[in-house]
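Please read the structure below before turning to the comments.
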Amino acid sequence: QVQLVESGGGLVQAGGSLRLSCAGSGSTFGISEMGWYRQAPGKQRELVAAIINGGSTNYADSVKGRFTISGGNAKNTVYLQMNSLKPEDTAVYYCHAKRTVVGISMDYWGKGTLVTVSS
């Protein structure tokens, strides 16, 4: 099992910045991808950003140029620097890790941290 614990959410005004952190523990061997998803009220959970094998990154179009993901599986931690925040970024942000062992992949999730952006 992999445990993921997020921190860094909160309330910020539009245009402000926040930094989310996620620390993984437990059976972290085999983690190949870490990232962040978010879920706004009444909407489906969506990918925000991911870092794969500690190198390549993937961002949702809506956050490109504003958010930066760093860290990754090498240290079992991942960060999300969020700049120029907009009210539409308001959501619960979830840390995600994908672990692959003997060809079997499993997804792990943190409990989430709330980000509220006021206009």
Side-chain angles (χ1 to χ4, degrees):
Q1 292 293 325
V2 176
Q3 293 80 43
L4 301 172
V5 179
E6 304 102 333
S7 62
L11 173 64
V12 64
Q13 288 188 331
S17 298
L18 281 175
R19 186 174 189 246
L20 304 183
S21 301
C22 173
S25 61
S27 301
T28 57
F29 175 80
I31 290 179
S32 59
E33 177 181 328
M34 294 189 75
W36 294 91
Y37 285 69
R38 67 186 180 187
Q39 188 167 17
K43 295 188 177 181
Q44 289 188 331
R45 191 174 296 190
E46 63 176 1
L47 172 70
V48 177
I51 187 163
I52 302 167
N53 288 333
S56 61
T57 57
N58 185 27
Y59 291 93
D61 287 343
S62 60
V63 306
K64 284 181 180 177
R66 299 189 297 123
F67 291 10
T68 302
I69 190 170
S70 61
N73 61 295
K75 296 183 178 181
N76 301 319
T77 58
V78 66
Y79 306 97
L80 186 68
Q81 178 65 43
M82 305 185 293
N83 298 328
S84 302
L85 282 160
K86 304 175 181 180
E88 50 263 45
D89 295 317
T90 295
V92 177
Y93 284 70
Y94 296 91
C95 182
H96 167 260
K98 181 182 294 291
R99 179 173 179 253
T100 302
V101 178
V102 292
I104 300 174
S105 294
M106 293 190 68
D107 294 297
Y108 297 90
W109 298 93
K111 293 183 178 181
T113 185
L114 178 63
V115 171
T116 303
V117 184
S118 63
S119 57

Ser17 vs Gln81 side-chain heavy atoms within contact, under 4.5 Å | yes

Atom of Ile69, atom of Tyr59 and distance for their closest heavy-atom approach = N-OH, 2.9 Å

Could you state the interatomic distance from CG (Asn58) to CD (Glu33), rounded to the nearest 0.5 Å?
-> 8.0 Å

Measure across Tyr94 and Arg45 and return the closest heavy-atom pair with its distance rounded to 0.1 Å.
-> CZ-NH2, 3.4 Å

Please tell me if the side chains of Leu20 and Tyr79 come closer than 4.5 Å, counting only heavy atoms from C-beta onward.
-> no

Donor-acceptor contact present, side-chain Thr90 to main-chain Pro87, <3.5 Å = yes

Within a strict 4.5 Å, meaning less than it, do heavy atoms of the Leu18 and Val115 side chains meet?
-> yes

Should Arg99 and Ser105 count as side-chain neighbours, where that means a heavy-atom distance under 4.5 Å?
-> no

When rounded to the nearest 0.5 angstrom, what distance separates CD in Gln3 from SG in Cys95?
-> 12.0 Å

How many angstroms lie between atom NZ of Lys98 and atom CG of Asp107, to the nearest 0.5 angstrom?
-> 4.0 Å

Would you mind reporting whether Val78 and Ile51 have side-chain heavy atoms less than 4.5 Å apart?
-> yes

Over 60° means perpendicular and under 30° means parallel, so classify the ring planes of Tyr37 and Trp109, tilted if in between.
-> perpendicular

With no hydrogens and no angle check, is any side-chain donor or acceptor of Thr116 less than 3.5 Å from a backbone partner on Leu11?
-> no

Non-hydrogen atoms of Thr100 and Ser32 that approach each other most closely = OG1-OG, 4.0 Å

In one Ile/Leu/Val/Met/Phe/Trp/Tyr side-chain cluster, 4.5 Å: Trp36, Leu47 = no

Hey, are Arg38 and Glu46 close enough for a salt bridge, meaning a charged N less than 4.0 Å from a carboxylate O?
-> yes

Distance from Ile31 atom CD1 to Asn76 atom CG, nearest 0.5 Å?
-> 5.0 Å

Is Tyr93 close to Met82 at the side-chain level, that is, under 4.5 Å between some pair of heavy atoms?
-> yes

First locate atom CG of Leu80, then atom OG of Ser21, and finally report the distance between them rounded to the nearest 0.5 Å.
-> 9.5 Å

Using a 4.5 Å cut-off on heavy atoms from C-beta on, say whether the side chain of Met34 contacts that of Leu4.
-> yes

Determine yes or no for a side-chain-to-main-chain donor-acceptor pair under 3.5 angstrom, with Glu6 supplying the side chain and Lys111 the backbone.
-> yes

Distance from Asp89 atom CG to Ser84 atom OG, nearest 0.5 Å?
-> 9.5 Å

